[in-house]
Amino acid sequence: MQRGGNMPVARRKVRVLCATMMLNVVIFFLVGVSWNLGRDKSDRPKVRIPSKRFWRQQVPSKYFWNKEQQRLDLIYNPIFNSLPSDSLIKLPDWLNIIRPVNPCEPDYRVPTQISDYNTLPHRFQDFFLHMRCRTYPMLINQPHVCDQKPFLLLAIKSLIPHFDQRQAIRETWGRANRIVVTVFLLGNALPVDHFPDLLGMLGHEAKLHKDVLLWDYRDTFFNLTLKDVLFLEWFSQNCPHAQYVLKGDDDVFVNTFRIIELLGGLSDIKAKDLFIGDVISDAGPQRDRKLKYFVPQSVFTGQYPAYAGGGGYLYSGELALRLRNVSRQVALYPIDDVYTGMCLKKLGLVPENHSGFKTFDIEEKYRNNPCVYRKLMLVHSRTPQDVLKIWPWITHLELDCQ
Ligand SMILES: *[C@@H]1O[C@H](CO)[C@@H](O)[C@H](O)[C@H]1NC(C)=O
Ligand SMILES: *[C@@H]1O[C@H](CO)[C@@H](O)[C@H](O)[C@H]1NC(C)=O
Ligand SMILES: *[C@@H]1O[C@H](CO)[C@@H](O)[C@H](O)[C@H]1NC(C)=O
């Protein structure tokens, strides 16, 4: 039974072999013919050059920020950049439409570019009018603050009237020493904002403590991104050798010891790309007009990259220099921590989540537990009085926490 059953299999094998050989002959013939057809009379192979462009023409986005980002992506595109200036390949026309002469003059072509400009909250109108300007004069600088090449630079976002917040930080977690240097990042106010003039007092404070940096732009929530960009520029000029930067708000409590301990234990590889904080992922713009983080559809569409909450995050000085470079390629976005996430993404990095960064505070029942503060890195928010109360809890080591 078994032997007899093998006979047809053998015959089928022979037939398959014959068919395969025939097929090979046919393919050989076809290839030969097409090879000959591909040669012109002078016997050279013909190179086919496409007569039209074979990549997709980019259409401008309907959403204002996204379109501005498309523009920057093309301007910084390495292929476009390497073309000679008389090249036939030009940037698409729509990119040139709204290029102002001076990026620091308000751009009055913006209102025609945003479909619902006139009904947007005023802060958005204002932000987009000035969005291209990234340089403002410094009124107070501390060019020598980093002469000793600090291990850790604490860069604290503050506002001119917050004298007490700054003083609480100086007396506690931001106290300058051999390895830690603190600077406060401040903007100015415009007469239309009706602030009393505190510049005289600020001048005294700056002389006394030598830790105040002041730029001449209007210090508002939406301009915090500008504060970040100006800080990175300042850092690259005045403090490029600081090993690490902690950037945070003036109403946080920082356990400086824990931060230094963490940094001291990093491997070289990890240290170079370090960026850690309280990471938020899978977020996107809020569409409810009543919320602080509201962003209208007409100006931004898409998801946010992973970003670390702006209350406080920690990164390497070397990464700060890369962020400063790449930030030119990212259109300013009115929410500063999201913007930093966008810059990281452009560098191909993601922020690392660390449970010690509590930018949304800790549970109420732990807030007066001294031992809890020994373990965490940073907590938001605390008043100057809280900061002065908490500081001895982490410095007085006779307190037994195990
Ligand atoms: C940001 O600062 C610039 C310069 O002072 C100012 O013209 C603009 O109104 C500010 N933008 C916002 C949204 O406050
Ligand atoms: C930043 O850009 C400058 C000039 O474009 C370049 O020389 C420098 O190496 C860059 N720095 C980093 C850290 O990428
Ligand atoms: C980061 O860690 C905190 C806990 O410390 C957690 O609540 C949060 O969801 C984490 N975020 C991400 C993106 O994993």
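Read the numbers this way: they start at 1 and go in the same order the structure lists the ligands and their atoms. Only heavy atoms go into these numbers, but all of them, side chains included; no hydrogens, no water, no symmetry mates.
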- [ ] Report the nearest protein non-hydrogen atom to atom 8 (C) of ligand 3: residue, atom name, distance rounded to 0.1 Å.
- [x] Asn353 ND2, 3.7 Å
Task: Close-contact set for ligand 1 against Arg123 heavy atoms, below 4.0 Å - done: 13 (C)
Task: Distance-only N or O hit between ligand 1 and Thr220, under 3.5 Å - done: yes
- [ ] Salt-bridge test for Asp211 and Arg166: reply yes if a basic N is under 4.0 Å from a carboxylate O, no otherwise.
- [x] no
Open item on the list: Going by side chain to side chain donor-acceptor pair (under 3.5 Å), Ser158 matches just one of Asp250, Asp219, Asp251. Which one?
Closed with: Asp250
TODO: Kindly say whether the aromatic ring centers of Phe275 and Tyr307 come within a distance under 6.0 Å.
DONE: no
TODO: Check whether any N or O atom of Asp126, backbone or side chain, sits under 3.5 Å from an N or O atom of ligand 1, and answer yes or no.
DONE: yes
Task: Residue-ligand contact Phe124/ligand 1, heavy atom below 4.0 Å - done: no
Open item on the list: With the threshold set strictly below 4.0 angstrom, can you tell me whether any protein non-hydrogen atom sits that near atom 14 (O) of ligand 3?
Closed with: yes
Open item on the list: Need the ligand 3 atom indices (1-based, order shown) with element for anything under 4.0 Å from a heavy-atom of Ser355.
Closed with: 5 (O)
- [ ] With heavy atoms of Val279 as the reference, note each atom of ligand 3 found under 4.0 Å away.
- [x] 11 (N), 12 (C), 13 (C)
TODO: Look at the aromatic rings of Trp65 and Phe300 and report parallel, tilted or perpendicular, splitting at 30° and 60°.
DONE: perpendicular
Task: Test item: Thr225 side-chain N/O and Tyr333 main-chain N/O as donor-acceptor pair under 3.5 Å - done: yes
Task: Backbone N/O of Ala283 and side chain of Gln303: donor-acceptor pair under 3.5 Å - done: yes
TODO: Might you check, step by step, whether the distance between atom 4 (C) of ligand 3 and some protein heavy atom is under 4.0 Å?
DONE: no
Task: Identity and distance of the protein heavy atom lying nearest atom 2 (O) of ligand 2 - done: Asn325 ND2, 2.3 Å
Open item on the list: If you measure every N or O of Arg322 against every N or O of ligand 2, does any of those distances drop under 3.5 Å?
Closed with: no
Task: Which of the ligand 1 atoms, numbered from 1, are nearer than 4.0 Å to a heavy atom of Tyr136 - done: 3 (C), 4 (C)
Task: Which segment of Phe222 sits under 4.0 Å of ligand 1 when only heavy atoms are counted - done: side chain
Task: Side-chain ion pair, Arg367 and Asp386, N-O less than 4.0 Å - done: no
Task: Ring centres under 6.0 angstrom apart (Trp234, Tyr136) - done: no
- [ ] Flag the pair Arg218 and Asp193 as a salt bridge only when some basic side-chain nitrogen lies within less than 4.0 angstrom of an acidic carboxylate oxygen.
- [x] yes
Open item on the list: Considering both backbone and side-chain atoms of Asn223, is one of its nitrogen or oxygen atoms within less than 3.5 Å of a nitrogen or oxygen in ligand 1?
Closed with: yes
Task: Structural part of Arg218 in contact with ligand 1, heavy atom criterion under 4.0 angstrom - done: both
Open item on the list: Going by a strict under-4.0 Å cutoff (protein heavy atoms only), does atom 11 (N) of ligand 3 have a neighbour on the protein?
Closed with: yes
Task: Whether Asn255 side chain and Arg374 backbone form a donor-acceptor pair below 3.5 Å - done: yes
